[in-house]
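Okay, structure first, notes after.
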Amino acid sequence: MGTPIVEPVVSKIDWGSERVHGPTLKILTASSSSATGEHANLRAATISLTSCREVATILDFSSLQLISQAEDTSVTVVVISYMKEIPCHFCRGSSCNNGSNVVGGVDLAPVRCPRSMCPLSSITSCKVEVTLQFDEVVLAPLTRTRSYGNVPQPHVVLYYSQRTTKGSFLISEATGVSDTAHGYKDTPGIWRKDQVEAWKPIVSAVHDKGGIFFCQLWHTGRISTKDFQPNRQAPISSTDKPVKTQTLPRQLGTNEIPQIVNDFRIAARNAIEAGFDGVEIHGAHGYLIDQFMKDQVNNRTDQYGGSLENRCRFALEIVEAVVNEIGADRVGIRLSPFANYMDSGDSNPSALGLYMAESLNKYGISYCHMVEPRMKTIGEKVECPESLVPMRKAFRGTFIVAGGYDREDGNKAVDEGRADLVAYGRLFIANPDLPKRFELDAPLNKYNRETFYTSDPVVGYTDYPFLENVV
Ligand SMILES: Cc1cc2nc3c(=O)[nH]c(=O)nc-3n(C[C@H](O)[C@H](O)[C@H](O)COP(=O)(O)O)c2cc1C
């Protein structure tokens, strides 16, 4: 990066009016090479980079760095340095009246070629800071079993839209990547065209309210049963060891693994096609990816079993494939190294979590979302001495935590730098306006477990009252 030859440009973009949805969106990650602040102060952030990406293409901004930080409701882009000197691709070096110098809604007017009229001809690389509001209250991925026949339904629009506020980040319920992925009735998928089409109005509704929406990509592996499998075949896994009462799984052959990796890749592409801003790879809770990572499940003898490195290979291959398909900025992953749901414990979860956090840095993904050690079993919090802090320190992107958080606890985790964002599950089920209630420190509706996984399109789903209807 060369020395700036002009003073920094500071421009404001109004979040609401400038926002462009779809494949142009990019999640900005906290960067270890931040020029502006400590890692702990950085926040996950999303901005439309239609124009920035164009600039990156047009001007070969190989060293473009975007740094995000929570602020107010506006987005600030600051050009802090740039380097010379290639001809503008609009005008090929001649004086240019047509080449726009508005980048992502930001007027780069002062960044001009000193030697020509063309506003872009001198920029070959550029460093910018971006600041924008990002709500720290994330909607955790929550399976709600209301997508009949694995197709998201119109009532899902209301559910997600109720839980969206401007600048909020939502992660969808776990969504199957292929016809072998499902393990529960009426969970949505994203491998078929009709499913992609069905997601579109749901994603659109979230965008219309200013939210950012990632799709959680899921394969249940041995948690499935033959009732959910094509031709009632055995569910696939890293192993042939069953979970308690489930169907005996079939251990995937080494040569079959690339196909499953590819299913995730295609599903990620489909998610972008449906309008999602990105995907979260579901590597938690004893499902397929976790079945590879955890040594109490994985009994393979090939390059996907045995050592920590081998057990994490499948997860990292999926990350790599998805990153290559849709871009690192649109990719997050969820991990639960400490959980032992569905017989998926590990003998050294701290080492596993740390290895993954470090390895993920290589791919530059947007975020790592980890479930707290205290959520060893589903739905219940048990206090324990383990902590995610080493993983938080090791991972160089945005770090999201989840599991048993309330308002106070979540604020504390962010304030103490243990997390950038906190995802809320059950509280968000029962409180569609959870961010507002947190802001006002208002009382919360209680969730009803009985209706977590029922099929009703309204009851226990979209009928939890908003604050104004309670007070
Ligand atoms: C009804 C229900 C459905 C869930 N579905 C998912 C899911 O689809 N994907 C996932 O990663 N976690 C899922 N979880 C776990 C939650 O995302 C979250 O980690 C868990 O509820 C703990 O957070 P909480 O204490 O804020 O509820 C689910 C939890 C509940 C209660």
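In listed order, ligands and their atoms are each counted from 1.
Atoms of ligand 1 lying under 4.0 Å from at least one heavy atom of Gly403, given by number and element, are 22 (C), 23 (O), 25 (O). Near Gln216, the atoms of ligand 1 lying under 4.0 angstrom from a non-hydrogen atom of the residue are 7 (C), 8 (O), 9 (N), 10 (C), 11 (O). For ligand 1 and Tyr424, the ligand atoms under 4.0 Å from any heavy atom of the residue are 26 (O). Close approach of ligand 1 to Gly404 is summarised as follows: ligand atoms under 4.0 Å from at least one heavy atom of the residue are 23 (O), 24 (P), 25 (O). Remark: ligand 1 atoms within the under-4.0 Å shell around heavy atoms of Ala140 are 17 (O). Against a heavy-atom cut-off of under 4.0 Å, Ala174 is close to the following atoms of ligand 1: 8 (O).
Ligand 1 lies within reach of Leu142, whose nearest heavy atom is under 4.0 Å from it. Not close to ligand 1: Tyr447, with no non-hydrogen atom less than 4.0 angstrom away.
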- Pair Glu386-Arg374, salt bridge (charged side-chain N to carboxylate O under 4.0 Å, His left out): steps then yes or no: CA-CA 8 Å; Glu386 294 107 331; Arg374 62 191 175 194; over 6 Å; no
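Between Glu468 and Lys436, at least one side-chain nitrogen of the basic residue sits less than 4.0 Å from a carboxylate oxygen of the acidic one, meeting the salt-bridge criterion. One finds a salt bridge joining Arg392 and Asp420 here, because a Lys/Arg side-chain nitrogen approaches an Asp/Glu carboxylate oxygen to under 4.0 Å.
Side chains of His282 and Asp290: no donor on one and acceptor on the other come within 3.5 Å.
The stretch residues 299-338 participates, sequence neighbours left out, in these ring-ring contact (aromatic ring centres under 6.0 Å, His included) pairs: Phe292-Phe314.
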